[in-house]
Structures are given as structure tokens and as C-alpha cells.
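Take a look at the structure below.
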Amino acid sequence: FAVGIDKLSWDDIQMNDDTEAVFSACYPVPENANQGKFDFNASTSEFSDILMAKQIKANVDEKTTLNLSFVHVMHKLEIKYVSKNGDYSEENLNNITTSCTALTTCEVDMKKSTVNTDLSSSGTYSIKTGKTVDFIIVPQNTDEVSLTINLDNGKTVNKALNEIYQNTQP
């Protein structure tokens, strides 16, 4: 398993021609990878998301070009506040602050192309201000996510995401 390589040719691989090679990749390059596994903290990492390509198997003797397709691993939670009856002005909506408490860590397994949150702990992501805010969070169920919403009139609302989601019409 090799980490930190951004270009690889068949001549770089020291394997028998009749061997099957397995390739997978992710960005950013993990600093602490061990056998393709590494821990990621979405609330403190310099990078908010991981791009990962599922593994591709190929026979070394074919020496064909391989294309890895990358997908976003983390989830984007986007919140848009609207005033249903006009009680809140645009300025009021733009001054709303929101904090998100949710699972923050996961183990990424590049070999299996999986993300595991079994040992994850909950933490608070950075506070955002505005009528539209978003958080890049570790994949998880809605009942593991809660929001603290501070309105500019001093009122604070705490809601679990599954409560909000259940009361939202598609």
C-alpha cells in the first residue's frame, strides 16, 4: 500500500505480470494512514471534506490506463431560514447564528472505500451566521445531529435535526 503518490505508472509497480493489482485513492493525502486506514475529524481538519475513489482491480500484465472516479465522502447539511409570515426581515434572517453538534470523527478505509463512525464522538462544528448556512459533517443519522439557533431578538432554539426533518414537507 502506498500513500502520497499522485502519479503512478505500471513500471513503478514491482509485481509479477500475472498479479492482480488493486488501486484506490483519496484527497487530501492522509498523514496518518496505516494500511489504507486513517482517522478524520471533520470539525478540526484543515480540509472539510474527503474525496475518495473506490478501488479498481486490474491485471498487471494488461498495463491499461486506469481512471479513478472520486466522490465526496462527507455530508453537506445546508440550512436556509425563511420568514413564513414576514415576522423576520432580511436583516433579522441574515443575523441568525447557527451551531451544529454532531459526530465529528470517522475512520476512513481506502481499501474498502468505507467510512466508519462506530467510535466517533460528538462535537460542535464552527458557528455560522446568515440566512443560509452549511456544515460539512461526518456521515450519520439525523438523530445524531442537533442545531442551536440564535435569533437576533435574543431567543435561542435547540432542535434535533430529525425533529426538524420530520416536520418539513417535501
Apply the test side-chain contact (heavy atoms from CB on, under 4.5 Å) to residues C26 and V108: give CA-CA distance (whole Å), side-chain angles for both, the deciding distance (0.1 Å), then the verdict. CA-CA 10 Å; C26 77; V108 178; 5.6 Å; no
Under the side-chain contact (heavy atoms from CB on, under 4.5 Å) rule, what do V22 and S24 come out as? Steps first, then yes or no, please. CA-CA 7 Å; V22 179; S24 61; 5.8 Å; no
Please report the C-alpha distance between T156 and N150 in whole Å, then the side-chain angles of each, then the deciding distance to 0.1 Å, and finally whether the side-chain hydrogen bond (donor to acceptor under 3.5 Å, both in side chains) criterion is met. CA-CA 5 Å; T156 299; N150 295 301; 2.7 Å; yes
Applying side-chain contact (heavy atoms from CB on, under 4.5 Å), run through M74 and I137 and close with a yes or a no. CA-CA 6 Å; M74 298 295 115; I137 62 174; over 6 Å; no
Show, in sequence, the C-alpha distance, side-chain angles and deciding distance for K57 and F23, and conclude whether the side-chain contact (heavy atoms from CB on, under 4.5 Å) test is met. CA-CA 6 Å; K57 296 179 181 181; F23 299 90; over 6 Å; no
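Counting only heavy atoms from C-beta outward, the side chains of T105 and F40 never approach each other to under 4.5 Å. A heavy-atom distance below 4.5 Å is not found between the side chains of H75 and V138. A heavy-atom distance below 4.5 Å is not found between the side chains of D134 and I79. With contacts defined as side-chain heavy-atom distances shorter than 4.5 Å, the pair E107/V115 does not qualify.
By the ring-ring contact (aromatic ring centres under 6.0 Å, His included) test, Y81 pairs with no residue at all, sequence neighbours left out.
The line from CD1 of I149 to OG1 of T98 is 5.5 Å long, rounded to the nearest 0.5 Å. Here the CG-NZ distance, from N95 to K131, works out to 12.0 Å after rounding to the nearest 0.5 Å. Remark: E163 CD to T142 OG1 distance equals 10.0 Å, nearest 0.5 Å. Put simply, CD on Q55 and NZ on K111 are 9.5 Å apart, with the number rounded to the nearest 0.5 Å. Here the straight-line distance linking atom CZ of F38 with atom CE of M110 works out to 6.0 Å at 0.5 Å rounding. Summarising the geometry, atom CG belonging to N116 is positioned 8.5 Å from atom SG belonging to C106; distances are rounded to the nearest 0.5 Å.
In terms of heavy atoms, D152 sits closest to E91 at OD2-O, 4.3 Å. Residues D143 and N162 share a closest heavy-atom pair of CB-ND2, 3.4 Å. Heavy atoms only, all atoms of each residue included: I56 and N67 are closest at CD1-O, 3.1 Å. Minimum interatomic distance between A53 and S113 (heavy atoms only, all atoms of both residues): O-OG, 3.9 Å. The two residues Y88 and N153 make their nearest non-hydrogen contact at OH-ND2, 4.1 Å. Of all heavy-atom pairs between V157 and K159, the closest is CG1-CG, 3.8 Å.
Geometrically, K128 engages F135 in a cation-pi contact defined by less than 6.0 Å to the ring centre and at most 45° from the axis.
In this model, no donor atom of one side chain and acceptor atom of the other lie less than 3.5 Å apart for T124 and S99.
Atom CZ of F70 has more than 12 heavy atoms from other residues, nucleotides or ligands within 6.0 Å.
The hydrophobic clustering, which links ILVMFWY residues whose side-chain heavy atoms are closer than 4.5 Å, places I136 and L103 apart. When the side chains of ILVMFWY residues are joined at heavy-atom separations under 4.5 Å, either directly or via intervening members, L51 and L68 end up in a single hydrophobic cluster. By the rule that hydrophobic residues join a cluster once side-chain heavy atoms approach within less than 4.5 Å of another member, I127 and L161 end up as members of separate clusters.
Between the side chain of N34 and the backbone N or O of K37 there is no donor-acceptor pair closer than 3.5 Å. Listed for the N158 side chain is no donor-acceptor partner under 3.5 Å among the backbone atoms of T148. Looking only at distances, no side-chain donor or acceptor of N141 sits under 3.5 Å from a matching main-chain atom of E144. Using modelled atom types, no side-chain atom of T117 and backbone atom of S120 make a donor-acceptor pair closer than 3.5 Å.
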